[in-house]
Amino acid sequence: MNLFEELSWRGLVHDQTAEVAETLSKEKLTAYIGFDPTAASLHVGSLLPMMALARLQRFGHSPIAIAGGGTGMIGDPSGKTKERQLLSPEQIELNLIGIKEQLSRVLDFETTTNPARIINNADWLTKISLIDFMRDIGKHFTVNSMLAKESIKRRLESDEGISFTEFTYPLLQAYDFLVLYDKHKCTLQLGGSDQWGNILAGVDLVRRLRSAKAHGLTMPLVTTSAGVKFGKTEAGAVWLDAKLTSPYRFYQFWLNTDDRDAVRYLNYFTWLTREQLAELAEALQTQPEKREAQRRLASEVTRLVHGEVALQGALQASEVLFGKELTGLSANDLLDIFNEVPSTELANAQLAERPLPLSELLVTTGVAPSKNEAKKLLQGNGICVNNVRVSEVQRAITAEDFIDRQVLVLRKGAKNYHVVKLIG
RNA sequence: GCAGGGGUGGUCGAGUGGCUAAUGGCAUCGGGCUGUAAACCCGACAGACUAACGUCUUACGCAGGUUCGAAUCCUGCCCCCUGCACCA
């Protein structure tokens, strides 16, 4: 099996240039994917390209991750309906540091045969002069063909229009490919299906200027069957940084995968073999209530991104939280388990004088944004204390409510937990 | 620049003097069923305060005005769209 076959059966090939399959079966080559430095952390959406690079490496090819410090300063119009907010070079520099760290979790930078590399395209994009760029690169693009692109068309028809800056973006990306070809013999670019046009531009440029064969391959955009954007929860985007999305939440995100998506995601995001995947698909059919596929998916991906220790923590927390009673557990157990869950400290003195109305506690812990909201939640049976549903709006909390007089577990809805620690 | 159309709550979109904190869809949040799923059903959904009856703030592009009373009428301003004209 070669890389192309591997990507194919996993459903990762959306579009490809003519000779990709053949080339990948015969040669070891160098390939790259660009990552967007608009935030200090990547999110689960980036996991697909990350895994693609990792698979590539396992098949003996050399992966390059381009952290788009240069292009990130411009903004890619693909798939965007609005002009992008520009980031400062300092901000991008900071973001790149975080991204490098995350990429290193799935890519091997140490191996001597085909080590992964991270390269910042600001290295060359910020150096070339406008005149040189227009003479050497711009000449090879006709505005006619650029205008024909779907992404550009949409923007031309939109209210906002498109700035000259963003219009230029595909040229920059094409230029990246050319530079990587020259410096690293890079002959393949991967990307999401929204990158197809940009990738082709690079392939053409390399062919024209260097008379060399370059290839492109795109992967499908990850979709959800429920029609929600992949990677979003009530709490917002799911990040790869544990500080932004705790391993517990991360695990929960994957565990909550729709039945219809589970097998597909296993294909996309894990290293499981065809046989293993077939078994899980089977289990999903015959015993959907066990959710083996989702469990495996959540475990695999959490381990990959956060490591074994964090996974165990997430598993434990999940088990306790979605079990029935909290009774029988000590405060220490709970604190340990709930390490992952957001928490607030409460001074003992605040309970000494008088019981604290639950509605107020919900506000101070941030579980509810205002007393008003807190009451609405209570009225709607949306709040549990220590996993026991509370329906009285006037319910007040005393030190007695804390397990071992130390820990109190608040729950909003089905799966939003918050721990209150009693101190002092 | 000229002519026509339009700006309503997170979003789409009704409403054209009082019954309108504003119909409805979507999104969101809570509940039920179940498998921490999907689908479906119920409830909430401008905000704050109250145990509660309820009270008080803001709100229909902006600013004024008419009126007992305006998202709805008038005046000015801003922005957007569509057609026409013009264009280094």
Side-chain angles (χ1 to χ4, degrees), chain A residues 81-83 154-161 164 223-238 246-266 280-299 301-302 314-326 337-338 340-341 354-364 366-385 387-397 409-418:
Chain A
T81 50
K82 285 184 172 182
E83 181 81 11
R154 249 202 314 274
R155 288 287 293 274
L156 285 176
E157 286 160 11
S158 79
D159 301 357
E160 297 223 7
F164 183 72
T223 56
T224 64
S225 297
V228 189
K229 193 164 187 264
F230 173 75
K232 272 206 68 188
T233 64
E234 315 89 73
V238 179
S246 75
Y248 161 74
R249 281 196 186 286
F250 188 82
Y251 176 87
Q252 285 290 325
F253 165 76
W254 293 101
L255 186 65
N256 281 314
T257 300
D258 195 307
D259 285 12
R260 293 169 290 180
D261 298 323
V263 173
R264 194 157 46 94
Y265 290 179
L266 280 163
L280 287 169
E282 170 73 17
L284 193 65
Q285 282 291 317
T286 53
Q287 298 173 301
E289 71 283 358
K290 286 198 168 175
R291 292 181 302 150
E292 270 181 50
Q294 282 95 333
R295 283 176 206 284
R296 192 63 191 272
L297 173 67
S299 300
V301 183
T302 306
L315 279 170
Q316 258 193 38
S318 299
E319 214 166 287
V320 173
L321 290 171
F322 293 98
K324 334 87 236 168
E325 304 281 322
L326 293 183
I337 291 161
F338 284 102
E340 302 281 341
V341 172
R354 62 181 180 107
L356 182 68
L358 181 54
S359 54
E360 278 180 37
L361 183 63
L362 291 171
V363 177
T364 52
V367 174
S370 71
K371 282 197 199 175
N372 228 324
E373 284 292 324
K375 281 172 190 161
K376 277 182 191 164
L377 282 167
L378 283 163
Q379 274 161 2
N381 278 331
I383 298 295
C384 288
V385 173
N387 266 7
V388 179
R389 177 140 287 153
V390 174
S391 42
E392 319 100 83
V393 179
Q394 327 85 288
R395 172 67 191 276
I397 296 297
V409 179
L410 294 174
R411 193 179 105 201
K412 182 189 98 172
K415 21 192 144 168
N416 294 298
Y417 284 88
H418 194 101

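Per chain, numbering begins at 1; letters A, B, ... match sequence-line order. Owing to the predicted nature of the structure, the values given are computational and were not obtained by experimental measurement.
A:L284 has its CG atom 9 Å from the C1' atom of B:rA37, to the nearest Å. Here the P atom of nucleotide B:rG30 and the CZ atom of A:R389 are 11 Å apart, to the nearest Å. For the pair A:K415 NZ and B:rC29 P, the computed distance is 10 Å after rounding to whole Å. A:N381 has its CG atom 13 Å from the C1' atom of B:rA44, to the nearest Å. For the pair A:L297 CG and B:rG35 P, the computed distance is 21 Å after rounding to whole Å. Rounded to whole Å, atom C1' of B:rC29 lies 10 Å from atom CG of A:N416. When rounded to the nearest whole Å, the span between CZ of A:R295 and P of B:rU36 equals 8 Å.
Nearest nucleotide to the side chain of A:P288, out of B:rG30, B:rG35, B:rA38: B:rG35. Checked against B:rG31, B:rA37, B:rG35, the side chain of A:R291 finds its nearest nucleotide in B:rG35. The side chain of A:E373 lies closest to B:rG47 when the candidates are B:rU36, B:rG47, B:rG31. Taking every side-chain heavy atom of A:D258 into account, B:rA37 is the closest of B:rG31, B:rA37, B:rC29. Of the listed nucleotides (B:rC45, B:rU36, B:rA37), B:rA37 has the atom at the smallest distance from the side chain of A:D259. When distances run from any side-chain atom of A:K412 to the nucleotides B:rA48, B:rG35, B:rG30, the shortest one goes to B:rG30.
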Watson-Crick or G-U pairs under 3.5 Å in RNA chain B, rendered as dot-bracket with [ ] for crossing pairs and | for another strand: ((((((((.[[[..)..(.....]]].(((((.......))))).((((....))))...[[[[[..)....]]]]])))))))....

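By the 4.5 Å heavy-atom criterion applied to side chains, A:S246 and A:Y251 are not counted as neighbours.
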B/S/- along nucleotides 50-59 of chain B (protein heavy atoms under 4.0 Å) is BSS-------

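A distance of about 32 Å separates the P atoms of B:rC81 and B:rG47, rounded to the whole Å. For the C1' atom pair drawn from B:rC86 and B:rG76, the interatomic distance equals 28 Å after rounding to whole Å. B:rG61 and B:rA71 have their C1' atoms separated by 12 Å, with the value rounded to a whole Å.
Under the 3.5 Å distance criterion, with hydrogens and angles disregarded, no donor-acceptor pair is assigned to the side chains of A:D258 and A:Q294.
Heavy atoms of A:Q287 sit nowhere under 4.0 angstrom from any nucleic acid atom.
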